Every structure is written in structure tokens, then in C-alpha cells.
Amino acid sequence: MTQFRFPEAILNWIDGQQLPAIGGEWFDKLNPANGKPLCRVARSRAADIERAVEAARQAQPAWADVPAVRRGEMLHDLVLGMKARRDEIATIVAAETGKSYASAKAETDGAIALGLFYASEGQRLYGRTTTSAVPHKYALTVRQPIGVAGLIIAANTPIANVAWKIFPALICGNTAVLKAAEDAPATAWIVGQIAQDVGLPRGILNIVQGFGEDAGAPLVAHPDVGVISFTGSTEVGRKIQRVAGERLARISLELGGKNPLVVCDDADLDHAAKWVLLSAFSNAGQRCASASRIIIFDSIYERFRDMLIERTRQLKVGPGDDDDFGPVINELQLTNMIAAIERARQRGAIILTGGGRMTDPAHRDGFYMQPTLIEGVDPHDEISECELFGPIAILYRVADYEEALRLANDSPYGLTACIHTRNINRAVHFCDKVQAGVAVVNGGTFGSEPHMPFGGRKQSGNGTREPGTEALDVYSELKDVYINIDPSAL
Ligand code: NAD
């Protein structure tokens with residue numbers, strides 16, 4: 001690991017300059033692993049957003065005029081800059097989230113892979129050529145930028161979240177204002193620093209720090225922001241849809257999940273248990289794609305439940321590379337999920353293991369939640385339907401495959417889903433019928449690849465998909481071009 005010193009103050013990147021908030025306000029960012037302040041962060045508000053959007057608006061026409069291949073080369077330089085400072089980025093991600101350095105490095109590599117994929121899109125950005133009913137008429141579609149992209153992200157996988165938004169937005173010829181996650185300010189900041197160092201023209205990528213209501217909401221409401229892409233909770237996604245929808249802006253919403261993992265009677269139980277634990281608890285369960293509903297066939301229920309309890313109790317929780325997962329991102333998150341468990345307990349839920357904060361000397365200063373398994377909960381209980389975003393999974397017992405599929409689909413969310421079975425018929429039927437944007441057989445509910453579209457149905461999103469080439473549809477306008485020629489004029 002490098003001897004990197006965490007910056008004391010995190011400022012905004014606007015028009016190629018590091019600027020404090022206009023109002024001179026700050027907030028403290030705490031280290032979730034020990035509760036101590038890591039740095040202070042510019043608390044930006046509408047005036048800072050105004051300044052950033054104006055910088056992006058001014059820079060956009062020239063950026064759109066740069067040939068897409070050249071834009072790709074410039075973004076490639078940004079990716080190479082990230083690669084060169086991979087250890088520094090991972091150090092920041094680990095410090096801001098409390099996850100291990102090894103996990104942070106893997107996440108950074110994923111962000112780099114995504115950047116490389118999109119830099120290469122500069123050589124494609126395909127439209128279509130097609131036929132016409134009219135003689136001597138040529139028909140094609142071309143991609144054009146929308147303008148200024150407003151990007152808002154969560155902190156759970158911070159460097160991946162930054163990359164997922166900025167690379168597709170920029171390759172399409174938009175300029176961007178990224179509202180960093182308040183719980184991961186330095187991760188976004190260092191990408192701004194690298195963009196500056198590799199010579200990305202000023203105003204192309206603006207990064208504004210601050211809270212959602214203070215800085216996110218004015219970005220969403222700004223009339224000069226043509227596309228809003230948001231990764232975060234369903235509750236905030238709804239607000240964004242209302243505000244940006246009112247002015248008919250393009251909106252992409254990547255929201256929450258309550259993802260089912262079905263374990264059939266014919267599953268390899270050892271393999272299934274491994275994936276349940278990874279899907280429910282890795283990254284402290286702070287994944288939109290984590291498995292929080294484990295649906296188990298009656299005939300194997302007790303056996304599989306006991307396997308899960310035993311293995312869950314063996315999990316190591318802490319910020320080290322040897323630990324299975326770290327803290328949750330902030331204290332409020334921790335107290336909210338403990339309160340939700342307590343309410344469920346009062347309604348009759350059985351806490352099989354965990355259920356509370358870790359208070360031993362090694363953990364008590366950080367925001368550590370015990371890995372938690374729950375049973376005896378109604379599928380329509382509050383805790384079955386609302387996303388907790390922590391290391392908590394609920395076990396449900398079902399009679400057979402039909403009931404498992406019904407329960408998997410009986411949710412307000414539809415992001416990811418997984419089935420463990422050796423029966424090809426069940427596997428394929430499940431992939432066909434499960435109401436989710438991602439269906440997995442014999443694996444986990446999480447995981448994505450840069451070239452694959454990710455997104456959810458129902459309250460998990462608004463139908464868009466990012467990343468993959470599908471994200472180009474979020475960040476570009478299609479224009480039909482018709483060319484009529486006159487054969488007599490040849
Ligand atoms: P959140 O919705 O509270 O915050 C996300 C971002 O939105 C933050 O940057 C926040 O400052 C901003 N924000 C808050 N209120 C806002 C407002 N009124 N206007 C504009 N911006 C506002 O979510 P969180 O708790 O930080 O993150 C966890 C959520 O993110 C979970 O629901 C999780 O499932 C979801 N998530 C989804 C995906 C996906 O790809 N579908 C990926 C990661 C996380």
C-alpha cells in the first residue's frame with residue numbers, strides 16, 4: 001500500500017479549479033471503521049450547483065465537437081491515470097467505506113475496466129443504416145449528445161459508481177456535473193484530480209460535494225441539465241422522477257432491491273450456502289443487488305438454515321483483508337436497520353443470529369452490524385418489503401418450485417434474482433419468469449460486467465440500463481438523417 005496521506009479538506013472541482021463551497025460551509029466525513037473524522041468536505045448548495053452547471057454548459061459545445069474517437073482517447077488517458085494511481089484510489093475507497101483494501105482494490109480494477117470499455121466506445125457509438133420506402137432516399141440514425149448530464153450516486157461501491165456514470169456520459173459528448181456521495185467524497189474528488197492531471201479540458205467533468213437536499217436537489221431541478229442519471233434509493237428516485245419529469249428531462253434511475261435467492265431441494269447445498277453468504281453479507285450487504293430474501297424448499301429448510309447459521313457465526317467482521325466484510329457506511333444507517341429488526345421482532349420475527357450492533361472493543365467505535373439471519377416473517381411484513389441495505393437476510397420456507405417463484409416475484413422490487421438447482425428446466429423457467437433485470441443460476445445475486453446492461457424492474461428503476469452499450473441510450477439523442485439524391489444530377 002502507498003504512503004498516501006488522506007486530504008484534510010475535500011473541495012469541489014468546477015471548471016478545472018478546486019473551489020470551496022460559496023457559502024463557506026463544511027461537514028465532517030467520518031471513517032466508518034472507527035467513527036473518527038477523516039476529512040472535512042465542502043458543503044455545497046444551489047449556488048455551487050449553478051456555477052458547476054454553467055461551467056459544464058459553456059464547455060459542452062466544444063467537447064461535442066471533439067471527434068468521438070478523440071474523446072475516447074482522452075478518456076483513455078483518464079483511465080490510465082486511474083490505473084497509475086490505483087493504490088491511492090483503493091486507499092481512499094477503503095478509508096471512506098471501511099471495506100478492506102483488497103475489496104477496494106478489486107472495485108478500483110472494476111472501475112478501470114469499465115473506463116476502458118467506454119473509452120473504446122469512441123470508435124463505435126453506432127447508429128443504424130436502414131432502408132427507405134422512397135426511391136433514392138438513404139436513411140440512417142446518428143447519436144448526438146444531450147448536453148449537460150447531472151449525475152448523482154450512492155457511496156456503497158464509490159469508485160465503481162463514479163465510473164458507471166462519468167464514462168458513458170462523457171463519451172457521448174455530454175459534459176457532466178457529478179454530485180458526489182456525501183459518504184464517499186474523496187473517491188469522487190481524486191477522479192477530478194486525475195482528470196485535471198491528464199489534461200481533460202476544464203468544465204468537462206465538474207464534481208460538487210454535499211448533501212442530497214442541499215446539492216442533489218438543485219441539480220435535479222436545474223433547467224440546463226438535460227439528463228439526470230441517479231443511483232440511490234427508491235424513495236429519492238421517486239422525488240427525482242417527479243421534479244425532472246416535470247420539465248421532461250431524460251431520467252435514468254438505478255434504485256433499490258430486495259433480491260430473492262431460491263434454494264431448491266436438488267441444489268448443491270454447500271455451493272448454495274457459499275453464495276447466500278456472499279450475496280447477503282459481502283460489502284456489509286450494502287449492494288442494491290444483495291440477497292436479502294432467501295427462499296428455501298421445505299424438505300431441506302432445517303438442514304440449510306442450520307448450515308447458514310453455523311457459517312454466518314464464523315464470519316469475520318472488520319476492515320482487514322482477512323475479514324469477510326466491514327462496517328456499514330454511517331451511524332444512521334446502522335440505527336435504522338437495528339430499529340427495523342426490533343420492530344420485526346415485536347411482530348414475531350425470530351432472529352436466528354446477529355440482530356444488533358457489534359459492541360466489543362474491536363468494533364464498538366465503528367459502525368459494525370452483526371451478520372443477521374431472520375425467519376418467521378410474513379412476506380408482506382415491512383421488513384420483507386423494505387430494503388435495509390445491510391448484512392441482513394430473511395429466510396422463507398416454501399413447499400415447491402411454484403411457490404418459490406411466486407414468492408420471488410411477490411415484491412415491490414425487481415432488480416436481481418438467483419436460483420440454485422441442478423434441474424435445467426427449473427433454471428430456465430426461473431430465468432424466463434422471474435420479474436427482475438438480472439437472473440442468475442447457481443451463483444450470487446450480485447455481480448456485473450462493464451459490457452452488460454444492469455438495471456431493474458418495478459420499483460428498482462425506471463427501465464433504463466447502465467452500463468453496457470445500452471447506457472449510450474441514456475446519454476445520447478438519436479437523430480434520423482434522410483439523404484435524398486437526384487439520379488438525374490449525377
Ligand atoms: P440515497 O438515495 O439516500 O442517496 C443517494 C444519493 O442521492 C446521494 O448522493 C444523496 O446525496 C443523493 N440525494 C439524496 N436526496 C436527494 C434529493 N432529494 N435530490 C437529489 N439527490 C439526493 O441512497 P443511499 O442510502 O446513499 O444509497 C443506498 C441506495 O442506493 C440503496 O437503495 C441501493 O439499493 C441503491 N443503489 C442502487 C444501485 C443500482 O444500480 N440499482 C447501485 C447502488 C446503490
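Below, each value reflects all heavy atoms present in this structure, side chains not excepted, and no hydrogens, waters or symmetry copies. For ligands, and for the atoms within them, numbers begin at 1 and follow the listed sequence. Heads up: numbering here begins at 1 and tracks the sequence. Being a predicted model, the structure only gives us computed values, none of them experimental.
A salt bridge is defined here as a Lys NZ or Arg NE, NH1 or NH2 lying under 4.0 Å from an Asp or Glu carboxylate O, and Glu50 with Arg57 fails to meet this definition. Salt bridge absent: Asp378 and Arg347 never bring a charged side-chain N and a carboxylate O closer than 4.0 Å. Salt bridge present: Glu8 and Arg5 bring a charged side-chain N and a carboxylate O closer than 4.0 Å. A salt bridge between Lys105 and Asp87 is absent, with no side-chain N of the basic residue lying under 4.0 Å from a carboxylate O of the acidic one. Note on Glu182 versus Arg43: no salt bridge recorded, every NZ/NE/NH1/NH2 to OD/OE distance being 4.0 Å or above. Using a cutoff of 4.0 Å between basic side-chain nitrogens and carboxylate oxygens, Arg71 and Glu121 are not scored as salt-bridged. For Glu382 and Arg343, the salt-bridge test passes: some basic side-chain N is under 4.0 Å from an acidic carboxylate O.
Under a cutoff of 6.0 Å and an axis angle of 45°, Arg40 and Trp26 form a cation-pi pair.
Distances below 4.0 Å separate heavy atoms of Val236 from the following atoms of ligand 1: 2 (O), 13 (N), 14 (C), 15 (N), 16 (C), 17 (C), 22 (C). Atoms of ligand 1 lying under 4.0 Å from any heavy atom of Phe230, numbered from 1 in the order shown and given with element: 2 (O), 5 (C), 6 (C), 7 (O). Counting the atoms of ligand 1 from 1 in the order shown, those under 4.0 Å from a heavy atom of Ile152 are 6 (C), 7 (O), 9 (O), 12 (C), 20 (C), 21 (N). Close contacts between ligand 1 and Glu213 involve ligand atoms 18 (N) [criterion: under 4.0 Å to a heavy atom]. Close contacts between ligand 1 and Gly216 involve ligand atoms 19 (N), 20 (C), 21 (N) [criterion: under 4.0 Å to a heavy atom]. Taking every heavy atom of Gly256 and a limit of under 4.0 angstrom, the matching atoms of ligand 1 come to 32 (O), 34 (O).
At least one N/O-N/O distance between Lys179 and ligand 1 falls below 3.5 Å. Some N or O of Glu387 is nearer than 3.5 Å to an N or O of ligand 1, by distance alone. Between Ile153 and ligand 1, at least one N/O pair is under 3.5 Å apart. Residue Asn161 places no N or O, backbone or side chain, under 3.5 Å from any N or O of ligand 1. Checking only distances, Leu255 does come within under 3.5 Å of ligand 1, N or O to N or O. In terms of N/O distances under 3.5 Å, ligand 1 is approached by Gly212.
In the displayed structure, Lys83 atom NZ is contacted under 6.0 Å by at most 12 heavy atoms of other residues, nucleotides or ligands. Counting heavy atoms of neighbouring residues, nucleotides and ligands inside a 6.0 Å radius, atom CD of Glu342 exceeds 12 of them.
Scanning the protein heavy atoms around atom 36 (N) of ligand 1, the nearest turns out to be Cys288 CB, 3.6 Å. Scanning the protein for heavy atoms near atom 19 (N) of ligand 1, the closest one is Ala217 N, 3.5 Å. In terms of protein heavy atoms, atom 27 (O) of ligand 1 is closest to Ala154 CB, 3.4 Å. Ranking the protein heavy atoms by distance from atom 35 (C) of ligand 1 puts Gly232 O, 3.2 Å first. Atom 1 (P) of ligand 1 has its closest protein heavy atom at Ser233 OG, 3.6 Å. Scanning the protein for heavy atoms near atom 28 (C) of ligand 1, the closest one is Phe389 CE2, 3.4 Å.
Under a 4.0 angstrom heavy-atom cut-off, Ala181 registers as being in contact with ligand 1. Within the structure, ligand 1 lacks Trp164 among the residues with a heavy atom less than 4.0 angstrom away.
Using cut-offs of 30° and 60° for the angle between ring planes, the Phe454 and Trp164 rings count as perpendicular. Ring geometry for Tyr368 versus His363: interplanar angle over 60°, hence perpendicular rather than tilted (30 to 60°).
Heavy atoms of Glu182 found under 4.0 angstrom from ligand 1 belong exclusively to the side chain.
Of the listed residues (Gln58, Arg51, Arg202), just one forms a side chain to side chain donor-acceptor pair (under 3.5 Å) with Asp15, and that residue is Arg202.
Inside a 4.0 Å radius of atom 4 (O) of ligand 1 there is not any protein heavy atom. For atom 25 (O) of ligand 1, the protein comes within 4.0 Å by no heavy atom at all.
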Between Lys316 and Asp324, is a salt bridge (Lys or Arg N to Asp or Glu O under 4.0 Å) present by the stated rule, with each step listed? CA-CA 5 Å; Lys316 287 168 67 185; Asp324 291 293; over 6 Å; no
